[in-house]
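One structure is given here, and the rest of the page talks about it.
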2 protein chains.
Amino acid sequence: MTASPPTGDELVDMLAALSHPLRVRIIASLAARRNYVSGLAREIGISRPLLHMHLRRLEAAGLIVGALELSDDGKAMKYYDVTDFDVRLSPSALAEAAATLTTADPGKGSHTKEQS
Amino acid sequence: MTASPPTGDELVDMLAALSHPLRVRIIASLAARRNYVSGLAREIGISRPLLHMHLRRLEAAGLIVGALELSDDGKAMKYYDVTDFDVRLSPSALAEAAATLTTADPGKGSHTKEQS
DNA sequence: TTCATATGTAAGAGAAACCTTTCAGGTGAA
DNA sequence: TTCACCTGAAAGGTTTCTCTTACATATGAA
């Protein structure tokens, strides 16, 4: 297999990161060619602080990676690249992912009623 | 092909619907077997009103479908089934989806500066 | 009638996400 | 120095999401 399938928690984080039009557009732009923050902000047409927030979210989910590089004239530029994620989204795939969810598991383990 | 690929907007809605642990768990449970609202609420261990809200979200995204049926003893039960969605999530797939996004396209069309 | 099952909705609080504006630092060139 | 470019982050307001509690309705059985 190409990559280890994400855990349920990782998958949810990944889907949350991709559930925003701007972030999908960011991924699409970076998939075409890597770019630095200011350049990407101009290309997409949003403010740098806003883009910065979305980039943080995407990187936290492991969908992009940033690297600080020095341009020819000595400027510090942060370039971002998309990672090689490839996830399939289907009922059965989600069923597998759900098995590894760590979020508070309300009434599992046993079906004993807790009260009354 | 199995199904027409979702538009960018539909994909974002679908991802937003799946970006919650409870909703992933709901899909997983319904993928194992169809169920009605109250039964599903007991199985997952959450309140019915809360489940109702999540079901609405999932159905709005086209991931599940509900059907009102009558049980043997005449009770009206709303059964839910998962749909046969199957979406691939990769940089190139997102690039295609991004092309059909209808959300306010800040600085596209032409790179002319609007002000200054 | 009363109880237990089923359905749905509305009100309100708390938390999180989103976006803008503002600020602060660095470098190279004119 | 001043300007233009790059980086990051904090402050504040608005909106959306999430969840609980409570209410309203319908059915069959005891």
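Within every chain, numbering begins at 1; the chains are lettered A, B, ... in the order of the sequence lines, protein sequences first and strands thereafter. Fair warning: this is a prediction, and the values are worked out from it, not measured in the lab.
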Could you tell me how far apart [X] ([atom1]) and [N] ([atom2]) are, to the nearest whole angstrom?
X	N	atom1	atom2	answer
B:Arg56	C:dT7	CZ	P	15 Å
B:Asp73	C:dT5	CG	C1'	8 Å
A:Asn35	D:dC6	CG	C1'	13 Å
B:Arg42	C:dA4	CZ	P	14 Å
A:His52	D:dG8	NE2	P	4 Å
B:Leu70	D:dA26	CG	P	15 Å
A:Leu55	C:dC18	CG	P	13 Å
B:Lys75	D:dA26	NZ	C1'	10 Å

Is the side chain of A:Arg23 donor-acceptor paired with the backbone N or O of A:Ala16 at a distance under 3.5 Å, no angle test?
yes

Would one find more than 12 heavy atoms of other residues, nucleotides or ligands at under 6.0 Å from atom CD of B:Glu96?
no

If only side-chain N and O atoms of A:Tyr36 are considered, is one of them under 4.0 Å from the OP1 or OP2 phosphate oxygen of D:dC6?
yes

Side-chain N or O of B:Ser38 versus OP1/OP2 of C:dT5: is the shortest distance under 4.0 Å?
no

Would B:Leu55 end up clustered with B:Tyr79 when hydrophobic side chains under 4.5 Å apart are linked, directly or stepwise?
no

Side chains of A:Asp73 and A:Ser71: is there a donor and an acceptor less than 3.5 Å apart?
yes

List the steps, then state whether salt bridge (charged side-chain N to carboxylate O under 4.0 Å, His left out) holds for A:Glu43 with A:Arg33.
CA-CA 12 Å; A:Glu43 168 153 326; A:Arg33 61 176 160 75; 2.6 Å; yes

So which atom in B:Tyr80 and which in B:Arg34 form the shortest heavy-atom distance, rounded to 0.1 Å?
O-CB, 3.4 Å

B:Leu15 and A:Ser19 have their tightest heavy-atom pair at C-CB, 3.8 Å

Starting at the 5' end of nucleotides 18-23 of chain D, put B wherever the base has a protein heavy atom under 4.0 Å, S where only the sugar-phosphate does, and a dash everywhere else.
BBBBB-

Have a look at B:Lys78 and say if it touches a base, only the backbone sugar-phosphate, or nothing, with a 4.0 Å heavy-atom cut-off.
sugar-phosphate

